[in-house]
Amino acid sequence: MLNKASEKRAGGAVILENEHIMAQKHSNETVDEFKPRKLFSYPKYWAECFDTAPYLPMSRAEMDALGWDSCDIIIVTADAYVDHPSFGMAVVGRLLEAQGFRVGIIAQPEWDSAEPFKQLGKPNLFFGVTGGNMDSLINRYTADLRLRNDDAYTPHAEAGKRPDRSVIVYSQRCREAYYDTPIVIGGIEASLRRIAQYDYWTDAVRRSVLIDSNADILLYGNSERALVEVAHAIANGRQVKELWQTRGAAVVLKELPKGWTEIDSTRIDWPSKIDAIPNPYDFHDREPDAEAAANAENAVNAGSDSTQAIKIIPMPLQRKEKYDAKTTYIRLPSYSKVVNDPALYAHASRVLHQEANPYNAKTLVQRHDTLEVWVNPPPIPLETDEMDWVFSFDYKRRPHPAYGDARIPAYDMIKTSVNIMRGCFGGCTFCSITEHEGRIIQSRSEESILSEIEKIRDMVPGFTGTISDLGGPTANMYKLNCKSPAIQKTCKRLSCVYPSICKHLETDHKPTTELYRKARAIPGVKRVAIASGLRYDLALKDPEYIEELVSHHVGGYLKIAPEHSEDKTLAKMMKPSISAYDEFKRLFDKFSKKAGKEQYLIPYFIAAHPGSDDEDMLNLSLWLKERKFKPDQVQTFYPSPMALATAMYYSERNPLEKVRYKSDKVNVSKNLEQRRLQKAFLRYHDEKNWPMLRTALTKLGRTDLIGNEEKHLVPHEKPKGRPVTRGKPARGGRGKSTGQAARARR
């Protein structure tokens, strides 16, 4: 437990005093940080004697039935509690239960007072707070900032059952309920807000969620490893402030540790000549020359970013200096700077994404007023036996009985789907999966996956014989990793498949193909669908996989996402050329014909993505018309926290390149009319959009595309004669796939 008397707080966060952060390392910590302790190797907590709960309790009555006088850990979540491995609270709860802890769930509590947060009593160890499987703001608002009228993660799809910024609100109520109880925050909402981040909903840069939430520690990404370490440490009597070096964790410090080296990355316009910076804490008899002294002052006293590190290295010199990576951190531009300087924000985003490989990432530090947000390197990915163990728990695979017969749409979408892997090395700039789950693929064993399919067959009520998805963040990255562990540990590429597929990447889809074949051969399984997003440029490396997919796992339509047709915009997305789509379509049609099936590709596209101008959208519209696609539902770019494309959107600069104040600006559609126009180009066939498109085509000098013939994009204002038919509309929509709707992004 935290010692309330010795604890200091400021700005709503626990401040870790310097005298505490030099505490001795945990006695159970392994010597090699890259070979951490296995999840299942920890001695179980004494409460294991209570055995496994049918469902994690949501009420005092359930606790009494289990013989519990209290909970060791209470998870507060913005989603309804579904005991299924695609729901974060279930995975985290069952993981902690497997460590011997008594875990309770408070799901979707009222948040106008602290009373609902007392319903299970005071937890003995800590509160765990998550916003659920989706960010609460993305869950509640459309890309046009309109309130959604439903919530897929709530009984009866009822809207309004979670607050905006759920992690902040819930954490504050937990603090009100039991002030001295530690609060651990995690999940995708907290993960993507671990440093200062652009907030689309207020059009401003916000502070780290650690400070606003009043939490003690933030665990980002798929946090099983960090969570187990933290839980056992607290259970063994350690204070949260002693856990400041936990991988995959972020904390707030009042003072930085002595003896560390700082790489100063607080500016983007270092002078062309950078002299070595003297140690500001060493004193010499002779005065340094004036230029060196000026550089030292600039580096050490850059705004409010002065530190107490023993050695400071300007970012341009980091490759020329010798330092111990284990005691080196990178100083990002401070909150006060990025909130006022979009170029520095883009630079900070670039640095954060470059420090994403758990095997070579450095600690990041960002000052928030007088406090330091300290972000440790990402956790070491789970190995296959650990992944199998996490998915082997006694999940009931259905909602908690407290919900009765209420329908929870997200559960309906994923109840017969199987998560076979985690992570994504695609690096698409508009997506936050990589920032949350990492680029290294973590795969389950074939035996574990097939066993889960059998559980679905035997346990899910009304199972009809269809497995709705075998996938994850992507459908076809299962067991695809770097061929060279040595290269993987030094690589800093943002994507393994852009601008081209890395020669060191394993591209053989045979493990996936064999898995599909064995899955559809299980007695009682009639069909195995693949609904997760397909990386088709990667699939082109293995035509046998495409044939298996097309012949047996496509139910007439396959959704894929080229996202755009123009290379200039695709480069900002880090997506392959549209020619890769054309090649995939050729093979898709070939294998569909061979299988004797009439099947269609349904391509998805994004409007108003940074870098896309009206001319690009016009060309995309013409591409769609030429192929007789008439999309019903299209996606407008949604600036999610921490994504690289969001940094482009806010800063109008490209963080995929070295940021400079004089860098060319990225075209960004920010106002509502611009965004609506780009969306209208995707729905050129909708007569509601024709007036807007006529005006835009006139401005672009393309009035030749206005008319009533097949060659025209939109008709004249008063078309004469019979309307021209422009092909069949594409079926389907951009909605969540069954495989992606409820992926547990812990």
Side-chain angles (χ1 to χ4, degrees), residues 52-66 71 74-94 97 103-111 116-117 119-120 130-134 136 139-140 147-163 166 170 391 393-419 452-469 524-527 529 531 735-744:
T52 303
Y55 287 87
L56 301 177
M58 293 176 61
S59 67
R60 280 281 192 172
E62 291 175 82
M63 290 170 59
D64 292 341
L66 293 168
C71 291
I74 295 176
I75 297 171
V76 182
T77 174
D79 291 342
Y81 169 33
V82 179
D83 199 46
H84 188 287
S86 284
F87 284 77
M89 88 294 287
V91 173
V92 168
R94 293 298 188 183
E97 180 185 58
V103 183
I105 300 278
I106 298 178
Q108 299 187 313
E110 294 293 333
W111 60 89
F117 296 79
Q119 59 186 283
L120 300 183
T130 173
N133 277 22
M134 285 183 67
S136 61
N139 179 282
R140 292 201 68 205
L147 271 173
R148 302 187 194 273
N149 56 17
D150 60 2
D151 182 341
Y153 294 88
T154 302
H156 304 297
E158 183 180 355
K161 298 296 287 185
R162 71 183 73 219
S166 296
Y170 289 164
F391 281 88
F393 300 144
D394 188 22
Y395 302 103
K396 297 304 177 187
R397 314 193 72 85
R398 61 187 73 184
H400 189 280
Y403 302 119
D405 296 329
R407 178 175 176 265
I408 301 175
Y411 168 68
D412 289 343
M413 287 192 288
I414 56 83
K415 63 184 179 182
T416 62
S417 71
V418 180
N419 195 337
E452 183 172 352
I453 293 174
E454 292 174 345
K455 288 181 181 179
I456 291 173
R457 178 196 63 193
D458 299 338
M459 295 176 62
V460 174
F463 178 66
T464 61
T466 297
I467 297 298
S468 59
D469 188 29
V525 173
K526 300 176 182 177
R527 178 171 176 263
K736 305 177 188 67
S737 72
T738 56
Q740 295 170 319
R743 293 292 175 216

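Position 1 is the first residue of the sequence, and the numbers go up from there.
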* Would you name the heavy atoms of Arg148 and Asn139 that are closest together and state the gap between them? => CD-O, 3.0 Å

* Structure fact -> For Ala90 and Tyr395 the tightest heavy-atom approach is O-CE2, 3.8 Å

* Tell me, please, which residues at least two apart from Glu97 pass salt bridge (charged side-chain N to carboxylate O under 4.0 Å, His left out). => Arg94

* Might you point out which heavy atoms bring Val82 and Tyr411 nearest each other, and give the distance in Å? => CG1-CD1, 3.6 Å

* Test Arg140 against Leu147 for side chain to side chain contact (heavy atoms under 4.5 Å, CB included), laying out the working first. => CA-CA 6 Å; Arg140 292 201 68 205; Leu147 271 173; 3.6 Å; yes

* Do the side chain of Asp79 and the main chain of Asn133 share a donor and acceptor less than 3.5 angstrom apart? -> yes

* Asked: Who pairs with Asp394 by side-chain contact (heavy atoms from CB on, under 4.5 Å), at least two apart in sequence or on another chain?
  -> Thr52, Lys396

* **Audit row: Arg162, Met134, side chain to side chain contact (heavy atoms under 4.5 Å, CB included) steps and yes/no** => CA-CA 11 Å; Arg162 71 183 73 219; Met134 285 183 67; 5.7 Å; no

* Side-chain donor-acceptor pair present, Thr416, Ser468, cut-off under 3.5 Å -> yes

* Asked: Between Ile456 and Ser417, is any pair of side-chain heavy atoms under 4.5 Å apart?
  -> no

* **Basic-acidic side-chain contact under 4.0 Å: Asp151, Lys161** => no

* Asked: For Glu452 and Val418, which heavy atoms make the closest approach, and how far apart are they?
  -> OE1-CG1, 3.6 Å

* Asked: Does Thr77 use its side chain to pair, donor to acceptor, with the backbone of Met89 at less than 3.5 Å?
  -> no

* For Gln119 and Met58, which heavy atoms make the closest approach, and how far apart are they? -> OE1-O, 3.6 Å

* To do: Hey, could you give me the NE2/OG distance between His400 and Ser59, rounded to the nearest 0.5 Å?
  => 6.5 Å

* Roughly how far apart are Asp458 CG and Phe463 CZ, rounded to 0.5 Å? -> 9.0 Å

* Asked: Okay, side chain of Asp83, backbone of Leu56: is any donor-acceptor separation there less than 3.5 Å?
  -> no

* **Main-chain N/O of Phe391 paired to Asn419 side chain as donor or acceptor, under 3.5 Å** => no

Let me check something: any side-chain donor-acceptor pairs from residues 403-410 under 3.5 Å, sequence neighbours excluded? List them with distances.
unit_1 : atom_1 : unit_2 : atom_2 : d
Tyr403 : OH     : Tyr81  : N      : 2.9
Arg407 : NE     : Asp412 : OD2    : 2.7

* Structure fact -> Shortest non-hydrogen pair, Ala78 vs Gln108, comes out as O-NE2, 3.0 Å

* Beyond-backbone contact of Pro57 with Leu120, side-chain heavy atoms, under 4.5 angstrom -> no

* Asked: Is a side-chain N or O of His156 found less than 3.5 angstrom from the main chain of Glu158, in a donor-acceptor match?
  -> no

* To do: Quick one: sort the Phe87 and His84 rings into parallel, tilted or perpendicular, breaks at 30° and 60°.
  => perpendicular

